[in-house]
Amino acid sequence: MAGKKLWSGRFSQGMHKAVEEFTVSLHFDHKLYTYDIQGSIAHCRMLARQKIIAAKDANTIISALKQIEIELAGGKLKLRPEFEDIHMLIESRLIEKVGPVGGKLHTARSRNDQIALDVSLYLRDAVANTIGLVDCAQKALLGLAEKNTDVVLPGFTHMQHAQPVLFAHHLMAYFEMLGRDRDRLEGCYVRVNRMPLGAGALAGTPHPIDREYVARLLGYPEVTRNSMDTVADRDTQLEYCSCAAIIMMHLSRLCEELIIWMTPEFQFVDIADAFCTGSSIMPQKKNPDVAELVRGKTGRVYGNLMSLLTLLKSLPLAYNRDLQEDKLALFDTVETVQSCLNIMALMLPEIKVNKDKMRAATQSGFLTATDLADYLVSKKVPFRTAHEVVGKVVAHCVKTDKSLWDLKLAELQQFSLVFKSDVIHCLTIDASVNSRTCTGGTGTAAVKKALAAARAGLNKRKKFN
Ligand code: ARG
């Protein structure tokens, strides 16, 4: 096979070898082959049902397409660059197998709406799989949080000790982020779930096609509404890449924390050996490379989003060959974000939480200073005044190298006579944590409620794959 191009009628010269190599997309769009065949079979069924081609021809074409799928799955068809793209490879092979009747498949269809359909089918699966993987990562976070409801650590702002929080609360912050990621992907799924075939090259087709039938065959609830938009639109690719960029940003923040927490300075966590790597020179090393790689891959996923946005900027209607380039960014994004979610879901349950180190870290940094100010507020002192008083108390502690809870009542009363003996109850780490009972706060009761709600929510989620 190969040789003459399927579109070469109006050409008097063959294609320059360099142009062939320059324009080819087969080396990456071959990934779409099952979708291309699935789409072609549905199209062919519709052509026969509408009597646009004979039922006998449709059957010949469909059984050959099924064989070609097996050939491609088994690596039997060479991906020679002469074929340009996956559509041409499959169509050429079809004609080679069944003769000129194979040429009827492309009736009422253009590669422009064909590629839109292939990518739509691919992306619909990719979105569903990504949602499944987000669920797995969320389950891993929730599981780790549920196992550690009694672990307290310093909460940080500006990377400085701020207020004590439950480790479970900290983890559930990431659960929330991924929950929003899931919502965004669900929205993307709705928009990707519209069947594009039938737009033709750009203007639709004069043949009496039945787009709704093709949609039904391929499990789409609706068809796209404007043929020009359909062949020019890459919004769902863009949307997926932007959802993925945000997911990666979330994972990267979590990874950064794990990396910091695993340093000898922190020792808050230890990541299981199976998820770490050694050094080729320093025998003592155990490095959190998985977390570092997730953080590193984030840059590439952002880059893919930027290349897609730039690709689409100023592109006139309708189809332009520029659009072929979208797949490189899309495939890389799908593969990267899915592998990152997957590895995170595997690694998180294997994290050993060092409860004592986290607790010990809460002893420095005056984590209950806000509680002390809130104590004064509860005695009707205006918050600004309370802030000032406690600021002075903290300065005194720094000077005398004491913690807030080391101070005797008389010492505190040098700063305000509002302090009474009950002040002691607001100074401990546990009292601080447990006083934060408001919805969304770190109090043990609030966190347990949040964990139960998260678990119930996960259990009744709609399955996408
Ligand atoms: N390989 C092309 C792409 O990925 C398929 C559509 C080609 N259409 C065309 N008119 N050359 O976009």
### Message
Between Lys327 and Asp85 (salt bridge meaning N to carboxylate O under 4.0 Å), is one present in this structure?
### Response
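Between Asp85 and Lys327 there is no salt bridge, as every charged N stays at least 4.0 Å from the carboxylate O atoms.
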
### Query
Are His161 and Phe156 close enough that their ring centres sit under 6.0 Å apart?
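Distance test on ring centres: under 6.0 Å, yes.
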
Using the ring of each side chain (for Trp, its six-membered ring), is [X] parallel, tilted or perpendicular to [Y], with breaks at 30° and 60°?
{"X": "Phe268", "Y": "Trp261", "answer": "tilted"}
{"X": "Tyr174", "Y": "His170", "answer": "parallel"}
{"X": "Phe419", "Y": "Tyr375", "answer": "parallel"}

If we ignore hydrogens and angles and just use 3.5 Å, is the side chain of [X] paired with the main-chain N or O of [Y] as donor and acceptor?
{"X": "Thr442", "Y": "Leu166", "result": "yes"}
{"X": "Glu350", "Y": "Met347", "result": "no"}
{"X": "Ser416", "Y": "Gln413", "result": "no"}
{"X": "Thr149", "Y": "Ala145", "result": "no"}
{"X": "Thr428", "Y": "Ala431", "result": "yes"}
{"X": "Asp113", "Y": "Gly198", "result": "yes"}
{"X": "Asp29", "Y": "Ile86", "result": "yes"}

Please report the closest heavy-atom contact between [X] and [Y], naming both atoms and the distance.
{"X": "Ala446", "Y": "Gly441", "result": "CB-O, 3.7 Å"}
{"X": "Ser120", "Y": "Arg194", "result": "OG-O, 4.0 Å"}
{"X": "Ile271", "Y": "Lys286", "result": "O-NZ, 2.8 Å"}

Can you confirm whether [X] sits close enough to [Y] that some side-chain heavy atom of one is under 4.5 Å from a side-chain heavy atom of the other?
{"X": "Ile131", "Y": "Val134", "result": "no"}
{"X": "Cys255", "Y": "Met344", "result": "yes"}
{"X": "Asp229", "Y": "Thr224", "result": "no"}
{"X": "Val269", "Y": "Asn354", "result": "no"}
{"X": "Leu427", "Y": "Leu407", "result": "no"}
{"X": "Glu84", "Y": "Val24", "result": "no"}

Side-chain donor-acceptor pair present, [X], [Y], cut-off under 3.5 Å:
{"X": "Asp326", "Y": "Gln237", "value": "yes"}
{"X": "Asp371", "Y": "Ser432", "value": "yes"}
{"X": "Asp36", "Y": "Gln114", "value": "yes"}
{"X": "Asp125", "Y": "Tyr35", "value": "yes"}
{"X": "Gln414", "Y": "His396", "value": "no"}
{"X": "Ser242", "Y": "Arg184", "value": "no"}
{"X": "Arg321", "Y": "Gln324", "value": "yes"}
{"X": "Ser40", "Y": "Arg109", "value": "yes"}

### Query
How many angstroms lie between atom CG of Leu238 and atom CG of Asp233, to the nearest 0.5 angstrom?
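Reported to 0.5 Å precision, the distance equals 9.5 Å.
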
### Task
Please name the residue in the list Asp235, Thr130, Thr333 that meets the side-chain hydrogen bond (donor to acceptor under 3.5 Å, both in side chains) test with Tyr240.
Thr130

Is it true that atom [atom1] of [X] has more than 12 heavy atoms of other residues, nucleotides or ligands lying nearer than 6.0 Å?
{"X": "Arg359", "atom1": "CZ", "answer": "yes"}
{"X": "Asp401", "atom1": "CG", "answer": "no"}
{"X": "Lys402", "atom1": "NZ", "answer": "yes"}

### Query
Taking it one step at a time, do Cys188 and Val127 satisfy side chain to side chain contact (heavy atoms under 4.5 Å, CB included)?
CA-CA 8 Å; Cys188 180; Val127 175; 4.1 Å; yes

